[in-house]
Amino acid sequence: MFTYVLGILMVTMAAQAAFGWFQIKRMYQSIEDLKKAYRYTPNLLAIGTAKSGLTFRPGVIVLVVVNESDEIVDYYEMKGRTVFSRFNQKNDYIGCPACSVTALMKRKNDKAAFASALEQIAGKRKTAVCPC
């Protein structure tokens with residue numbers, strides 16, 4: 001009986017590791033696609049993340065592309081609890097100034113991930129993205 005339970009546990013752990021690997025592979029492919037699309041432009045790509053403090057709340061990963069005038073050129077968001085989550089483009093934020101997008105977001109995790117991405121852009125530029 002113990003061997004049977006241990007075997008099920010091992011199979012479950014292997015399946016979870018395989019699904020996690022596929023999600024990471026998909027995430028890195030999305031990042032590479034954005035890098036290729038904006039390689040020869042002055043736009044900056046940043047990745048922001050936010051975890052939920054609670055166990056069953058979804059975490060957020062954000063891919064943001066900003067041009068020189070702090071306007072969002074591309075915005076992708078991965079939100080979910082499982083390894084089956086994928087990046088979805090948010091057309092509502094494209095074309096908006098980076099300062100005004102935070103006001104459009106409703107969830108705390110979304111705002112935290114976007115703020116993380118803006119901090120990364122500010123570090124690359126050595127200036128604040130939103131002086132407002």
Linked, directly or transitively: [X] and [Y] (ILVMFWY side chains, under 4.5 Å):
X: Leu63; Y: Val66; answer: no
X: Met78; Y: Val64; answer: no
X: Val65; Y: Met105; answer: no
X: Leu44; Y: Ile47; answer: no

| Who are the ring-ring contact (aromatic ring centres under 6.0 Å, His included) partners of Tyr93, not counting sequence neighbours? | Tyr75

| query | Does the pair Thr102 and Phe114 meet the rule for a side-chain contact (heavy atoms from CB on, under 4.5 Å), with working shown? | reply | CA-CA 8 Å; Thr102 308; Phe114 185 68; 3.6 Å; yes

| said: If you count every heavy atom of other residues, nucleotides or ligands that lies below 6.0 Å from Lys124 atom NZ, does the total exceed 12? | reply: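 More than 12 heavy atoms, drawn from other residues, nucleotides or ligands, come within 6.0 Å of this atom.
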
| message | Give me each pair satisfying side-chain hydrogen bond (donor to acceptor under 3.5 Å, both in side chains) with a member in residues 2-15, each pair once, sequence neighbours excluded. | response |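 Of all non-adjacent pairs touching residues 2-15, none passes side-chain hydrogen bond (donor to acceptor under 3.5 Å, both in side chains).
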
Applying salt bridge (Lys or Arg N to Asp or Glu O under 4.0 Å), which residue pairs with at least one partner in [range] are found, sequence neighbours left out?
range: residues 1-22; result: none
range: residues 89-101; result: Glu77-Lys90
range: residues 96-110; result: Lys79-Asp110

| query | When rounded to the nearest 0.5 angstrom, what distance separates CD1 in Ile61 from OH in Tyr76? | reply |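 The CD1 atom of Ile61 sits 15.5 Å away from the OH atom of Tyr76.
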
| said: Rounded to the nearest 0.5 Å, what separates atom CD in Glu71 from atom SG in Cys99? | reply: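 So the CD of Glu71 and the SG of Cys99 are separated by 12.0 Å.
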
Please tabulate, for the side chains in residues 14-32, all donor-acceptor contacts under 3.5 angstrom to protein atoms that are two or more places apart in sequence or on a different chain.
{"from": "Arg26", "atom 1": "NH2", "to": "Val83", "atom 2": "O", "distance (Å)": "3.0"}
{"from": "Gln29", "atom 1": "NE2", "to": "Asp33", "atom 2": "OD1", "distance (Å)": "2.9"}
{"from": "Ser30", "atom 1": "OG", "to": "Arg26", "atom 2": "O", "distance (Å)": "3.1"}

| request: For Asp74, enumerate each residue passing the salt bridge (Lys or Arg N to Asp or Glu O under 4.0 Å) test, keeping only those at least two apart in sequence or located in another chain. | output: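 Residues passing salt bridge (Lys or Arg N to Asp or Glu O under 4.0 Å) with Asp74: none at all.
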
| Counterpart residues, salt bridge (Lys or Arg N to Asp or Glu O under 4.0 Å), relative to Glu68 (two or more places apart) |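 Not a single residue meets the salt bridge (Lys or Arg N to Asp or Glu O under 4.0 Å) criterion with Glu68.
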
Looking only at heavy atoms, what is the nearest atom pair of [X] and [Y], with distance?
X: Val101; Y: Cys96; result: CG2-CB, 3.8 Å
X: Val60; Y: Val62; result: CG1-CG2, 3.7 Å
X: Val73; Y: Ile94; result: O-CG2, 3.4 Å

| message | Taking side chain to side chain contact (heavy atoms under 4.5 Å, CB included) as the definition, give me every residue that meets it alongside Ala46, ordered by chain and number, with sequence neighbours left out. | response | Ala117, Gln120, Ile121

| request: Please list, chain by chain and in numerical order, all residues satisfying side chain to side chain contact (heavy atoms under 4.5 Å, CB included) with Ala50, sequence neighbours excluded. | output: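 Applying side chain to side chain contact (heavy atoms under 4.5 Å, CB included) to Ala50 gives Asn109, Ala112, Ala113.
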
| Among all residues two or more places apart in sequence or in another chain, which pass the side-chain hydrogen bond (donor to acceptor under 3.5 Å, both in side chains) test with Ser69? | Asn67

| field | Any residue meeting side-chain hydrogen bond (donor to acceptor under 3.5 Å, both in side chains) with Lys111, in chain and number order, not counting sequence neighbours | value |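 Result, side-chain hydrogen bond (donor to acceptor under 3.5 Å, both in side chains) vs Lys111: none returned.
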
